[in-house]
Every structure is written in structure tokens, then in C-alpha cells.
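Okay, so here's the structure we're looking at.
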2 protein chains.
Amino acid sequence: MTAPGEAARRKPARRPTIKDIARRAGVSESAVSFALNDRPGVSQDTRARVRRVAEELGWQASSAARALSGERAGCAGLVLARPAQTLGVESFFLQLVSGIQEVLSARKIALLFQVVEDLDTECALYRRWWAEGRVDGVLVVDPRTEDPRPGLLASLGLPAVVVGGLATHPPGGPQPAAAHPPLSTVWADDAKAMARVLDHLYGLGHRRIAHVAGMPGLAHTERRIRSLRTEADLRGLDERQVRSVTTDYSDAEGAEATRRILDAAEPPTAIIYDNDVMAVAGASVAAGRGIPVPARLSIVAWDDSALCRVTHPRLTALVRDTPGFGRLAAQELLAVLDGGPLRTVEGELPHLEARESTGAPPAG
Amino acid sequence: MTAPGEAARRKPARRPTIKDIARRAGVSESAVSFALNDRPGVSQDTRARVRRVAEELGWQASSAARALSGERAGCAGLVLARPAQTLGVESFFLQLVSGIQEVLSARKIALLFQVVEDLDTECALYRRWWAEGRVDGVLVVDPRTEDPRPGLLASLGLPAVVVGGLATHPPGGPQPAAAHPPLSTVWADDAKAMARVLDHLYGLGHRRIAHVAGMPGLAHTERRIRSLRTEADLRGLDERQVRSVTTDYSDAEGAEATRRILDAAEPPTAIIYDNDVMAVAGASVAAGRGIPVPARLSIVAWDDSALCRVTHPRLTALVRDTPGFGRLAAQELLAVLDGGPLRTVEGELPHLEARESTGAPPAG
DNA sequence: AGAACGTACTAATGCGCTTTAGTGAGTGTC
DNA sequence: GACACTCACTAAAGCGCATTAGTACGTTCT
């Protein structure tokens, strides 16, 4: 008699293998393999019998064995490079991941998810995953303007899909000098989305607008800033009237940026925030100073979430279907794994959900 | 000449194997294996040489091969069973995961992370992971009062650690009738934490207190509710003065619960919310009704986050070290994988960060 | 000097699966 | 009735590693 804990823990429940199936079905192991993988070489009868036995035994192919012989790990990877404290509140990633998995799990592909501190660690991790044969492909998020990852992945021959950009410029615009290396990409048209936001604010009468952007160096940050400038130019608004500042996406920097913006001699009548957390932080700064929203300051959040709906007033937000974007990315990765051509796929355009935080600017 | 995309994508860069190392170092494959795994049987000289060659080649053991021969997948699993829309804003999980990985990745153990819809799917996934040999162990989160998972995992013999509960009662208290199956557990003492919250509010003078709890059936929800009742009894507060209602953790239900609570004939002077999102939603409802916080209503949030700091007033919150909790859980899983004894480990007690949302109740 | 032992290595086996190369029985052909 | 040919299946090899059994050589003991 062993100790009770020991006894209960290490049950001998051995996992069934095709050998077990072969024995019970009275055929060879190879026949089992053929039967279970829809390969020709077995009769309908045998196939059915083998399937039944496998079912009974609750058999599932050992992922290790399959990976070793079949050269497929059955695994995709996703690395999130964020300093620990920036991991904050954003619902974005959990939603993205949930969308990704919806598609991957239908093909029985698991997702290896890792949070790391910085880009170098992320690159090192890709190398390790590649050398270990751990993943069949990866999803690259938070693309940068100068990004080492696509080049690295291409050189390793590790299939990958870039999520959210390094996008080619919109048709008609200038093509970027150094086109990104050959990786499939799914992206959203931030430029068009930004145009919509500006349309909304300009239409309400705003002429002095600030943009509290996210991290400099991120591709979509740059795209949004550039787009805002383009759209402002179209409407004859100069750099003093419409301008962007960058932050680290945190509530602290969002608040700080807001304070500086409001301290200006001629403060803007509207602020666009690049995420929900900063928008709420900014709204809080305004409230603290007794600045009524939207009477004296309009606020727009890029990315909707519960946050935007629980504040008072509720925040006008740019709503996008993040799980849907994740599904799109996963589908594209599957396509690449199946040997499909490199593509650049555009996700759904976000729409602006106008709520109570935007209105006409003060008359003066 | 193939198409440019094709050519660039499938680089022949073969992953190095121990055979390559053996050839270059002029020894047998087994010698390489011994050398790289710190096994006796090779001289210091050879060991060093093999190591150098492996380094040069950028070799990493194939996880599949190692798993197949060594019976270790080098992978842990974490499943999050949440309906998609509840995936909201909580920073809790990303932080927990980041703490877990800090510990696991030091041992080169990857984390398989999956979001599923419900508990049944989660159980099915455990079965599949087990049958596929995909994971060496799993971390079980959101333990329930009647939870099928520990039993399942124990019967499969899949090592596991329960994160956050099914805890035995505090020493001295009554032991639960059906002790949980033999799984290691890390938990936080919600009872003591709740006592602290009540201390704070009672000390300020509050005698009518509501508790907007999380999902019924979750172990920690029940623990908090039970603890609140116990602590209330100790102070002579009956069920009309102090009571809990359950929700699904969403901002919507948090707001709805708040409305109902404030509609009561004798509304409470303080509300405790089981997460940050609901607390902010509740604060917003109060603001919408013109109820000043904390002058007429005090608010406490369980779990701190950026949200609690960006609202106005900032919310008093129960702060816990979530990444630290994740690290603890991961360490415990490693201990179990190493064949250590089953244990129940208690995490750090959260502390109450008093901010502007709590104060003395109105004089009347 | 031969047995006994330890050291540093090589050879061989197996993990569970996929895949390629057989093999033997049945069918059709002239 | 010997020929090619197909069908349903089995045997065997190999994926990359860990591990066990074996081997050759040098040292020590008696």
C-alpha cells in the first residue's frame, strides 16, 4: 500500500496507440494508419472497423510522434512582446486570440502563446521554436515600421502571417521604398478609419484636434499619424491645428499627454486617443479640471470596450471586430501552411460608434 | 526560375540534428546526447567540444523527438473557459499568464493557451491533450464549487495545479465535506481579504453594505460571499444590512445590479464589487444618478487595475500581485512535474489600497 | 601476469507514427 | 493457363532523440 496521494495520482492509464487498435481490429499498424488518415489501401469495411475501435479506445494521435514523422507540429505560435506593466487592461489581445483559436482549433492546431519583455527576446524565441520544430507557423503581432521579424522568419523559412500591417500603402499612394519581406499580411485600413474619425469631428465643427497616439515605431501608429496629417491637409488644417503625440499606450502617459495638451495656449476642442484606456484616462483628466465633455472637449477612443461604455459620458469609439480579425489572421495562416500564395488581406473597416463624448465645439 | 515568392519562402535551411553534431565533432550520436544532457559517459574534453559544435550549429533538441522518447512534451496547458463576450477588459489573465511564463520559460517549458466557450469543451480539451500527449501538465483556473475538472485530471493522471482555489478552509474552520481530489492548489485567502475590506468600511462607519459578486458557482465567489456573511455576523449586521448578489462579471450586469441596489428602500452606503470593470460601471451608474462618491456612496473594487486609477474619483481597490500569483502557480506545477508531493500553497494576501472612493457614510 | 574494475566511448533499440516497398490473392485477357 | 494488373493488406524503414547494452582500453589489485 503506497501513500494515498501517490496511489491516486499515478494511475497507470496508458494512452492507447495504433498498436492497440491494430491488435483489437486484427490488422497491421499500417492499415490502421491508412484507415485513420483517409488514405487508400484499405477496404471500406476495415476502415469502418478500425475507426470504431479507435473511437472506443479514445485514441488520439500522439502529437509528438506525428510531428516527428509527419513534419507537422500541429501548433502555431503567438508572441506578445510587451513590458510587463503595459499588459494592462486592453481586451484587444484576448479577443484576438479567441478569434484565432476558433479557426485553428477546428483544424486541431494548438496555439503556443508567450508573453515576453522585448523584441529581441521575441526573435530569440522564434529561433528556438524553429530549431525545436515546435511550431508550424507563427502569427506576428504589433508590426513595426522597421521590423526585424519578417526578415528573420522568412530566412528561417518559418511560415508566418503578420497581423495588423506593414501594409502596403493604399492603392494610389506611394509604395514604401523597402517593401516588406515575403510574408502574408492581414491588416485593417487605419488610414480610412482615421479619415472617418476626422470626418466626424470636422463635421461637428472642430478645427483644433489633438491625437494621442500609441507607441512610436509601431506600424499602425505611424499609419494613423500619417493619415491624420493627410486628411488634415485636405481640409486645410495645419500642424498647429491638428497634431499627434506618441505614448506607450498606458493610462499614465495618456493622462500626462492630455494634461500637456490642455495646458497649451490654444487647446484643441477634440482629442483622439489610440486606445480605450488612454481615452478614459484623458476623460478623467478633463473631469478633474472641470472641463465638460463634450461641451468644451470632445473625445474619441480608437477601439471600443466595456470601458468606453461605463464612463460618464460614454465615449464615442471606433469599433472593430477583433475576434473576426483574429479569425481572418488564422485563416490566412492556414492558407500559408497549406502552401497557398502570399497574400495581403484586408480586414473589415472599423465603424465609428458615436456616443455622448463627441459634440459641437464651444461657440467661441 | 520559380516565382519570386515561392523561391524566397521555402528556403532549404534544414534544422540541425544531433547527427550533424556527431559528424562534426567526430563522435557517435549517443556521445552527443550524453554530452548535451549532462549525463556521465563522456570526458570533459569531448563534452566541451560537442557543446561548442552544438552552439555553432544553433542546435536545439527537437521537441517532438524528445517528447517521443523522453515522455516529456515540454509543454504546459492553460484553458480559459469563458463565453466570448465575457473576455472583456480584465487584465487579470494576461498578468497571470505573464507570471506563469516567467517561471516556465526558465525551464524551457512552453505554454499552450486556449480559450473555449464552456466547461465541457474544456474537459474535452484536457482529454484530447492527454491522449495526444501534448502537455505534461495543466493549470486549472476559475475553480468551481462543484468542479468536474480535478476529478477528470486525477483520473487521467495528468499533473495539474488548481489556481485560485477549491481551497481547504482556513485552519480552525470546518473542513469541507468532500475534500477536493488530489491536486496541488495555490490559492489566496479571500476570506481574510474580505475581512479587511469589511474592516475598512465598518471602521468608516458603514452599516449597510452591498456586495456585487462575480459568477455563482466559482469557488472564490462562494468563498467571498461566505466570508462576508461571517464577518458581518461578527459585527452584528444582519442579512438586510449586508448582502451579496451574483453577476457574470460584465459591466452590463455590474451596472444593472447597482441600479437595483440603489433602488432599494434603504440603499446601502457602500458597495463592494468583485472586479474592477463592475466597480467602474457601478461608479458610472452612481454618477448618472447624481449620487456623489464617496459622500453618499462608497465603492470598493476587488482587483486593482488602470481602470480604478483613471476614474474620477479613483477607486479604493484590493490590490494583489497577479503576476506573482502566476509565478507561484507555475512553480507548484514544476514541483508536481518533478514528482513532488501534493501541496496547498497560499499566495500573498491582497492589501487594500484606500483611494478617494471610500469615506464616511452620510450622517443621516 | 591475469583477474577485476572503471572510463570513455559506440552500437543498437525503442518511443508512435507515416510512408515506401513489398506480397499474395483475386480478376481479366488472349 | 500463363500473363499482366489491381486490390487489400503487411513488413520494414525512418523521423530525432534517450537509453540500455555492449566494447575497447587503461589502471589497479593480488
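This is a predicted model, so every value here is computed, not measured. Just so you know, these numbers use all the heavy atoms, side chains as well, and skip hydrogens, waters and symmetry mates.
Rounding to the nearest 0.5 Å places CZ of A:Phe113 at 10.0 Å from CG of B:Leu78. Interatomic distance, OG of A:Ser63 versus CG of B:Leu68, reported as 9.5 Å (0.5 Å rounding).
Rounded to whole Å, atom P of D:dA8 lies 10 Å from atom CG of A:Asp45. Rounded to an integer number of Å, the gap from A:Ile18 CD1 to D:dA11 C1' is 13 Å. If you take CG of A:Leu36 and P of C:dC17, they are 9 Å apart, rounded to a whole angstrom. Between the P atom of D:dT10 and the NZ atom of A:Lys19 lies a distance of 15 Å, rounded to the nearest Å. Distance B:Arg72 CZ to D:dA18 C1': 14 Å, rounded to the nearest Å. If you measure from atom CD1 of B:Ile21 to atom P of D:dC17, you get 7 Å, rounded to the nearest angstrom. Counting to the nearest Å, the C1' atom of C:dC17 and the CZ atom of A:Phe34 are 12 Å from each other. Note: CG (B:Asn37) to P (D:dG16) measures 17 Å, nearest angstrom.
Each of B:Val27, B:Asp45, B:Val42 was checked for a side-chain contact (heavy atoms from CB on, under 4.5 Å) with B:Val50, and the lone residue meeting it is B:Val27.
Between the side chain of B:Ser30 and the base of D:dA18, no donor-acceptor pair of N or O atoms lies under 3.5 Å.
Summary of the strand contacts: B:Val27 and A:Arg66 both lie near DNA chain C, and taking for each the nucleotide with the nearest heavy atom, the more 5' one is attributed to B:Val27.
Within the structure, every side-chain polar atom (N or O) of A:Ser33 is placed at least 4.0 Å from both OP1 and OP2 of C:dT19. Under 4.0 angstrom from either OP1 or OP2 of D:dA18 there lies no side-chain N or O belonging to B:Arg39. Close to C:dT10, at under 4.0 Å from its OP1 or OP2, lies a side-chain N or O of B:Ser28. Taking only side-chain nitrogens and oxygens, B:Ser69 never comes nearer than 4.0 Å to OP1 or OP2 of D:dA18. Between A:Thr46 and the phosphate of D:dC9, there is a side-chain N or O to OP1/OP2 separation shorter than 4.0 Å.
Within 6.0 Å of the CZ atom in B:Arg127, the count of heavy atoms belonging to other residues, nucleotides or ligands does not exceed 12.
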For a salt bridge (Lys or Arg N to Asp or Glu O under 4.0 Å) check, start with the C-alpha distance between B:Arg24 and B:Glu56, then their side-chain angles and the critical distance, and finish with the verdict. CA-CA 11 Å; B:Arg24 282 190 43 162; B:Glu56 280 171 21; 2.9 Å; yes
